[in-house]
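The analysis underlying the following values was restricted to heavy atoms, covering all of them including side chains, and did not include hydrogens, waters or symmetry mates.
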Amino acid sequence: MNTSLASAHAAVARRPPAASLSSACTAQRTLASPLGPILVARTPRGLAGLWFEGQKDHPGPLCAPVVEDDPLLVEVQRQLDAYWMGRSRVFDLPLDLHGTPFQRAVWQALLAVPAGHTRSYRDIARDIGLPSATRAVGAAVGRNPVSIVVPCHRIVGSSGHLTGYAGGLERKVALLRLEGALAL
């Protein structure tokens, strides 16, 4: 794991829940993607949101200004472009994940799932030391505010079957195919 990713993991673990993600964001912009428009938002600490248009739990309008040339959001676009083109499967971005301590623990565990692989909700529950919390893990995965970068799409049912995805099951299939985790 690279140093900046380890730092991001540590920041995720220490970050207290925010009263309002919308009010914490300092910049936002909408990016084009092969799977539809994506809203990205940041705080002074890092990337705080990446949502597909129409995604479940999309925050709606944010209080943050639209800043097309924000350096972090431009870097998000650059790394996503490399991802879509198959040149990179690793993101190296500062993160500022807003959620409960339990949610943040789950999201940190998702960061350890490599591209081209899947894990089950049960696996993640075991990874965070709560093997009986499979359903709660599923709920936390579904509330992930930074799709793709925090790879909730790599989580499947215990039998290996695809389960829901806040961005839509068709997007989950497309992302897993792009990463080589599903046959074309």
Side-chain angles (χ1 to χ4, degrees), residues 5 8-9 12 21-22 28-42 46-62 76-77 79-86 88-91 93 95-100 102-128 130-131 133-184:
L5 191 54
H9 286 218
V12 168
L21 175 60
S22 179
Q28 66 173 313
R29 71 184 277 218
T30 300
L31 310 177
S33 88
L35 300 180
I38 295 175
L39 174 65
V40 292
R42 65 153 314 156
L47 181 65
L50 190 155
W51 303 275
F52 287 105
E53 187 174 89
Q55 177 173 325
K56 180 183 175 205
D57 297 319
H58 188 288
L62 298 174
V76 171
Q77 176 74 67
Q79 290 188 31
L80 281 172
D81 287 346
Y83 175 82
W84 299 125
M85 296 177 76
S88 178
R89 294 288 177 254
V90 177
F91 294 95
L93 299 162
L95 300 175
D96 186 14
L97 303 176
H98 292 244
T100 67
F102 178 79
Q103 288 172 327
R104 291 191 321 271
V106 169
W107 301 335
Q108 184 171 352
L110 298 181
L111 290 167
V113 182
H117 297 271
T118 59
R119 302 283 312 276
S120 73
Y121 296 96
R122 181 177 296 144
D123 293 335
I124 299 299
R126 280 193 285 249
D127 290 350
I128 64 169
L130 296 168
T134 302
R135 286 181 188 245
V137 164
V141 169
R143 296 289 304 209
N144 170 24
V146 183
S147 297
I148 305 172
V149 175
V150 178
C152 53
H153 59 280
R154 297 178 189 153
I155 309 306
V156 298
S158 295
S159 64
H161 288 92
L162 297 184
T163 56
Y165 180 62
L169 198 54
E170 64 285 346
R171 286 185 179 129
K172 182 173 189 163
V173 168
L175 292 167
L176 291 172
R177 284 188 175 147
L178 177 68
E179 295 179 357
L182 279 181
L184 298 174

Q | Main-chain N/O of Ile155 paired with Arg119 side-chain donor or acceptor, under 3.5 Å | A | no
Q: Please state whether the rings of Tyr165 and Phe52 are parallel, tilted or perpendicular, taking 30° and 60° as the class boundaries.
A: perpendicular
Q | Set of residues satisfying salt bridge (charged side-chain N to carboxylate O under 4.0 Å, His left out) with respect to Arg122, sequence neighbours excluded | A | none
Q: Look up atom CH2 in Trp51 and atom CG in Asn144, then write down how far apart they are to the nearest 0.5 Å.
A: 10.0 Å
Q. How far does CG of Asp81 sit from CD of Gln77, to the nearest 0.5 angstrom?
A. 4.5 Å
Q: Check whether any side-chain N or O of Gln108 sits under 3.5 Å from a backbone N or O of Ala105 as a donor-acceptor pair, and report yes or no.
A: no
Q. Roughly how far, to the nearest 0.5 Å, is the CD1 atom of Ile124 from the CH2 atom of Trp107?
A. 14.0 Å
Q) Checking Arg154 side chain against Thr118 main chain: does a donor-acceptor pair fall under 3.5 Å? A) no
Q. Is a donor on one side and an acceptor on the other found under 3.5 Å between the side chain of Arg171 and the backbone of Leu35?
A. yes
Q. What residue among Leu31, Ile38, Leu93, Val150 forms side chain to side chain contact (heavy atoms under 4.5 Å, CB included) with Leu50?
A. Ile38
Q. Is it the case that His117 and Glu179 place a side-chain donor and acceptor less than 3.5 Å from each other?
A. no
Q) So, Gln79 side chain and Val76 main chain: donor-acceptor pair closer than 3.5 Å or not? A) no
